[in-house]
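These numbers were taken from a predicted model, which means no experiment stands behind them.
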Amino acid sequence: MNTAIIVAAGGGTRFGGDTPKQFLEISGKPLLVHTLERFEECGAIGSIVLVLASDRVSELSDIGKKYQIPKLTRVVPGGATRSESVSRGLAAIPGGCDVVAVHDGARPLVTADEIAATVRAAAEFGAACLTAPVTDTIKEISGGVIRRTIDRSTLRRALTPQAFRYDILRRAFDGADLGDNATDECCLVEKLGVSIHVIDGSPRNIKVTTPDDLNFVSQFLR
């Protein structure tokens, strides 16, 4: 069986306001639920573990039942960093897991096909990352001036899900400093020397970080 860890333990401080962005409603449902529904729809995923801030776990323990997401088997408290939160989600995965897909709770525009393609690649190659092209011209700067232009043909934006065979992700976290807030799981797996297969994804699969992002996502979900 393949399991998804949905990470939604952040406080959304960059977004502003009292309610973390993943709990803001779009079309009568929290943004997070739209994300969970994409994994419920994906045949490549057999179970879902949801990682929330510790003060939200009891409040949302029945979120799967309320919104008819039967694949959601566990809701667990996260930690002080992303790495610690994912590690706790990993510890909650049921036995016999083949591939683990880690996804940001605030990325509701991912598609079931993108999830499945990433999981298939991880099963075949060991590790896979959904990515999108870099379309802007990228400059390297130093001392307040441009030093050179980076060749963007070799660059990709890392999206989620990022998927790994269970044993590879487990080894990556066993050797990780969980207090060092790695921005994604590929950072940790790269340190093992494991090659990570790249899957082309849609640029629409953004992580909601600002109110403008929320407006963009709302237009698609509605």
Residue pair Arg147, Glu140: steps toward the salt bridge (charged side-chain N to carboxylate O under 4.0 Å, His left out) verdict: CA-CA 6 Å; Arg147 297 301 179 185; Glu140 180 182 307; over 6 Å; no

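- Residues Phe23 and Leu31 have side chains not in contact (no heavy-atom distance under 4.5 Å, counting atoms from C-beta outward).
- No side-chain heavy atom of Ile6 sits under 4.5 Å from any side-chain heavy atom of Val49.
- Grouping the Ile, Leu, Val, Met, Phe, Trp and Tyr side chains by contacts below 4.5 angstrom, directly or via other members, places Leu24 apart from Val33.
- With hydrogens and angles ignored, the 3.5 Å screen pairs a side-chain donor or acceptor of Gln162 with a backbone N or O of Glu185.
- Counting non-hydrogen atoms of other residues, nucleotides and ligands closer than 6.0 Å to CZ of Arg74 gives a total of 12 or fewer.
- The one candidate from Ile115, Asp98, Val100 that meets the side chain to side chain contact (heavy atoms under 4.5 Å, CB included) condition with Asn2 is Asp98.
- No hydrogens or angles considered: a donor-acceptor pair under 3.5 Å links the side chains of Ser47 and Thr3.
- Closest non-hydrogen pair, Ser85 versus Ala9, comes out as OG-CB, 3.8 Å.
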Give the C-alpha distance, both sets of side-chain angles, the deciding distance and a yes or no for side chain to side chain contact (heavy atoms under 4.5 Å, CB included) between Ile63 and Leu72. CA-CA 9 Å; Ile63 190 172; Leu72 179 54; 3.5 Å; yes

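- Counting all heavy atoms, side chain and backbone alike, Ser83 lies closest to Phe173 at O-CE2, 3.2 Å.
- Relative to the six-membered ring of Phe125, Arg165 misses at least one condition, a distance below 6.0 Å or an angle of at most 45° to the axis.
- Closest non-hydrogen pair, Arg171 versus Val194, comes out as NH2-CG2, 4.4 Å.
- By the criterion of side-chain heavy atoms lying less than 4.5 angstrom apart, applied directly or through intervening Ile, Leu, Val, Met, Phe, Trp or Tyr residues, Ile48 is grouped together with Val99 in one hydrophobic cluster.
- With His103 as the fixed residue, the side chain to side chain donor-acceptor pair (under 3.5 Å) test singles out one of Thr118, Thr35, Thr160: Thr160.
- Side-chain atoms of Arg38 come within 3.5 Å of backbone atoms of His34 as a donor-acceptor pair (strictly under, hydrogens ignored).
- Using a 4.5 Å heavy-atom threshold, the side chains of Arg152 and Thr137 count as touching.
- Using a 4.0 Å cut-off between a side-chain N of Lys or Arg and a carboxylate O of Asp or Glu, Glu40 and Lys71 do not qualify as a salt bridge.
- With hydrogens and angles left out, the side-chain atoms of Ser153 and Asp151 include a donor and acceptor closer than 3.5 Å.
- The backbone N or O of Ser202 sits less than 3.5 Å from a side-chain atom of Glu114, completing a donor-acceptor pair.
- Residues Val110 and Val119 share a hydrophobic cluster, clusters being chains of Ile/Leu/Val/Met/Phe/Trp/Tyr side chains in contact below 4.5 Å.
- With salt bridges taken as basic N to acidic carboxylate O contacts below 4.0 Å, one links Glu84 and Arg88.
- With respect to the salt-bridge test (charged N to carboxylate O, under 4.0 angstrom), the residues Arg157 and Asp136 do not qualify.
- Of the inter-residue distances, the one linking Leu32 atom CG with Leu52 atom CG reads 6.5 Å to the nearest 0.5 angstrom.
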Between Gln68 and Glu37, is the side chain to side chain contact (heavy atoms under 4.5 Å, CB included) condition met? List the steps. CA-CA 9 Å; Gln68 298 181 332; Glu37 287 175 342; over 6 Å; no

Kindly indicate, with the supporting measurements, whether the criterion side chain to side chain contact (heavy atoms under 4.5 Å, CB included) is fulfilled by Leu221 and Val217. CA-CA 6 Å; Leu221 291 178; Val217 165; 3.5 Å; yes

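- When side chains are defined from C-beta on, Thr149 does not count as touching Ile138, because their heavy atoms never get closer than 4.5 Å.
- Leu50 and Ile26 fall into different hydrophobic clusters, defined by Ile, Leu, Val, Met, Phe, Trp and Tyr side-chain heavy atoms under 4.5 Å apart, directly or through other members.
- Nearest heavy atoms, Cys129 versus Ala158: SG-CB, 4.1 Å.
- Within the 4.5 Å cutoff, side-chain heavy atoms of Leu109 are placed close to those of Phe216.
- Using a 4.5 Å cut-off between side-chain heavy atoms of Ile, Leu, Val, Met, Phe, Trp and Tyr, with links allowed through other members, Tyr67 and Ile45 fall into the same hydrophobic cluster.
- The shortest side-chain heavy-atom distance between Val102 and Leu90 does not fall under the 4.5 Å cut-off.
- One distance of note links CG of Asp213 with CD1 of Ile206; it measures 4.0 Å at 0.5 Å rounding.
- Taken from CZ in Arg107 to OG1 in Thr209, the straight-line distance is 8.0 Å, to the nearest 0.5 Å.
- Shown here for Ile5 and Val86, the closest heavy-atom pair between the two residues is CD1-O, 4.0 Å.
- Between the SG atom in Cys97 and the CE atom in Met1 there is a gap of 7.5 Å [rounded to 0.5 Å].
- If you take CD on Glu41 and OG1 on Thr111, they are separated by 9.5 Å, rounding to the nearest 0.5 Å.
- In this structure, Val51 and Gly78 approach most closely via the heavy-atom pair CG1-CA, 3.4 Å.
- Between Asp104 atom CG and Leu159 atom CG the span is 9.5 Å, to the nearest 0.5 Å.
- With a 4.5 Å cut-off on side-chain heavy atoms, Arg82 and Ser87 do not count as touching.
- Within the 4.5 Å cutoff, the side chain of Phe164 has heavy atoms near those of the Cys186 side chain.
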